[in-house]
Amino acid sequence: MLSFFRRLYKIFYPPVAPKSSDALRFGILGAANIAPQALIVPAKSHSEVIVAAVAARDQKKAEAYAKKHGIPVVHKSYDDLISDPSLDCIYVPLPNGLHYEWALKALKAGKHVLLEKPSVSNAAEAKSLFRHPILSKPNAPVLLEAFHYRFHPAWQYFLTLFNPEDVQEVEVMNYLAAGIFPRDDIRFNYALSGGTLMDFGAYAVSTIRQIFGAEPTSVKSASFRPMPEGFDKNADEAVYASYEFPNGGTAKITADLQARGGYWAPGMTKDWPRLAGAFPTLFVKLKPKEESVDGGLVKVTAKSIVFHCYMGPHLYHRLDIAITTELKDPSKDGKVVKSEKKTEYKKAYKWQDNGERKGEEWWATYRYQLEEFVNRVKNRKGSGVWVDAEESVRQMEMIDATYEKMGLPIRPTSNALE
Ligand SMILES: NC(=O)C1=CN([C@@H]2O[C@H](COP(=O)(O)OP(=O)(O)OC[C@H]3O[C@@H](n4cnc5c(N)ncnc54)[C@H](OP(=O)(O)O)[C@@H]3O)[C@@H](O)[C@H]2O)C=CC1
Ligand SMILES: O=C1OC[C@@H](O)[C@H](O)[C@H]1O
């Protein structure tokens, strides 16, 4: 318990590192809610990162934000920030529908870009951005879709627990209690490329693609809960989808940004904001393995894994690894003669290997991600975790395919598309 509070404290109030002379200078586009968590606080403990400037549509807002977060420079506009020659990197935490335009402008200005997830609005934008000639020139700038959870050791450890070929079933459940985001939030605004599939749903799509180590062969089913009367008809408030994979396995996802119910006495409580499942969770079931053993018996081993809080593993997480072994007797119609279940509980706040890869118990997913972003810019080896450009393209293809199956339009393409 003490280590939990100690970790939380350090996540929010990390030790401040003295900055090196070659630290990368970041500018932030927009006085975004997510930036303190995703960049400003993680930067404090990174000796090679300085959050140097911010711009907002309203300069007063930018000034107040800069003061609050100790950002020395405020630019008058997004364009001014991007053309600031003293900046090396631009962080783009704008609404999804503006990601393409501003990421491309920043790349064209020669800046490295840390781009919030989902990278862009749809696959057409993703192909244009991630395959842009600017990115294949010598000394090309770095562009990263900020799927932060992937950079945490807990996620990477989880991926070592199975062979993707053996995965039979996956279920991802991402609930966020109703009322946390108002229904006029950018997340529910189609024109800004909102929708739950673009938000909590994007994590779910990203996880299943990694777990199977492959792209789905089809979106088997997809449906959504629409926004209530008077709100955006093209935004999905919750999404339910299933997918088939090349090895025959299947995945089911649920993402709900206005989740209610989940209590006893559902008749009375169905409209209460849902707290059950408050930590996004995923379940993996592997194909059972059969082998012949002494006495003419058959041993069947089945493994399943539950990953609690996979999206924010720095706050808390737990991996439950259950192995069930059954001995069956083929001469008695496969009767189970012995059965045993063992469950191990694991966690990984740091890398599990010999300490070559950098990290601390209290590093948030965003801090691990920042470490890799800097390593990439500085051409260093790092932890080896990255989100490749083509992966970001395939991710948006799967989101488009899911919207199509749901019967909703894919998110609108930017007028700036090249
Ligand atoms: N990695 C993570 O864990 C998370 C990632 N995200 C992602 O980050 C991005 C931003 O999310 P979040 O910080 O919650 O969003 P905010 O609601 O804080 O919006 C971000 C910024 O968008 C700017 N903006 C520009 N145009 C518009 C417009 N037309 N309407 C509204 N805002 C506008 C605003 O900038 P200005 O200050 O100039 O007015 C605002 O500061 C999204 O892509 C989201 O998916 C969000 C939460 C968590
Ligand atoms: O990326 C995100 O992670 C946390 C969520 O609360 C948020 O909706 C989403 O944008």
Side-chain angles (χ1 to χ4, degrees), residues 11 27-42 53-66 68-69 71 74-82 91-103 114-121 125 144-152 174-182 184-207 232 235 237-238 255-259 278-280 309-315 364-370 373 387 395 399 411-412 414:
I11 290 171
I28 305 178
L29 280 180
N33 289 323
I34 186 58
Q37 198 178 321
L39 177 67
I40 299 170
V41 173
V54 64
R57 292 169 299 171
D58 168 357
Q59 210 186 337
K60 286 226 158 53
K61 182 183 173 194
E63 278 161 10
Y65 189 88
K68 180 171 176 194
H69 297 293
I71 303 173
V74 174
H75 281 294
K76 285 201 181 69
S77 68
Y78 293 173
D79 279 306
D80 282 1
L81 180 114
I82 279 176
Y91 173 50
V92 184
L94 295 172
N96 307 334
L98 301 175
H99 286 187
Y100 174 87
E101 176 184 351
W102 289 99
L114 179 60
L115 176 58
E116 260 314 330
K117 39 56 51 191
S119 61
V120 287
S121 300
E125 286 190 0
L144 174 67
E145 178 179 21
F147 261 123
H148 56 103
Y149 78 97
R150 294 179 56 161
F151 292 84
H152 195 274
N174 295 348
Y175 293 107
L176 193 73
I180 291 180
F181 291 116
D184 60 1
D185 189 85
I186 57 166
R187 285 163 184 75
F188 305 115
N189 182 330
Y190 174 73
L192 294 174
S193 298
T196 294
L197 178 59
M198 294 289 281
D199 194 271
F200 260 28
Y203 285 95
V205 170
S206 153
T207 61
D232 200 327
E237 192 174 88
D256 191 340
L257 285 180
Q258 295 288 349
F279 298 127
C309 202
Y310 78 88
M311 258 167 68
H314 49 288
L315 301 171
T365 51
Y366 309 98
R367 179 61 180 79
Y368 278 105
Q369 172 180 263
L370 189 60
F373 187 81
V387 184
Q395 164 80 7
I399 288 188
R411 306 299 91 174
S414 167

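One-based numbering, in listed order, for ligands and for the atoms of each. Values below: all heavy atoms of this structure, side chains included; hydrogens, waters and symmetry mates excluded. Given the structure is predicted, the values throughout are model-derived calculations rather than measurements.
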For the 3.5 Å polar cut-off, considering only N or O atoms, please tell me whether N33 and ligand 1 meet it.
yes

Identify the closest protein heavy atom to atom 35 (O) of ligand 1: which residue and atom is it, and at what distance?
Y78 OH, 3.1 Å

Return the closest protein heavy atom for atom 34 (C) of ligand 1 as residue, atom name and distance.
R57 NH2, 3.8 Å

If you compare R187, Q369, M198 by their heavy atoms, the one closest to atom 14 (O) of ligand 1 turns out to be R187

Do Y91 and E116 have side-chain N/O donor and acceptor atoms under 3.5 Å apart?
yes

Heteroatom proximity flag, Y366 to ligand 1, N/O under 3.5 Å:
yes

Could a heavy atom of H99 be found less than 4.0 Å from some atom of ligand 1?
yes

K117, any N or O under 3.5 Å of ligand 1 N or O
yes

For H75, which residues count as a side chain to side chain donor-acceptor pair (under 3.5 Å) partner, sequence neighbours excluded?
D84

Regarding ligand 1, does P93 bring an N or O atom to under 3.5 Å of one of the ligand's N or O atoms?
no

Sequence neighbours excluded, which residues qualify as side-chain contact (heavy atoms from CB on, under 4.5 Å) partners of Q37?
I34, Y366

Close residues, ligand 2: non-hydrogen atom nearer than 4.0 Å:
K117, F181, R187, D199, F200, Y203

For ligand 1, which atoms sit closer than 4.0 Å to a heavy atom of K61?
36 (P), 37 (O), 39 (O), 41 (O)

Below the 3.5 angstrom mark, is there an N/O of A55, backbone or side chain, next to an N/O of ligand 1?
no

Contacts satisfying side-chain hydrogen bond (donor to acceptor under 3.5 Å, both in side chains) that involve residues 189-198 (not counting sequence neighbours) are S121-S193

Heavy-atom contacts under 4.0 Å between F181 and ligand 1: side chain, backbone, both, or neither?
neither

Answer with yes or no whether F200 contacts ligand 1, where contact means a heavy atom under 4.0 Å from a ligand atom.
no

What's the shortest distance from atom 11 (O) of ligand 1 to any protein heavy atom, and which residue and atom give it?
I186 CD1, 3.8 Å

Can you tell which part of L192 has a heavy atom less than 4.0 Å from ligand 1: side chain, backbone, both or neither?
side chain

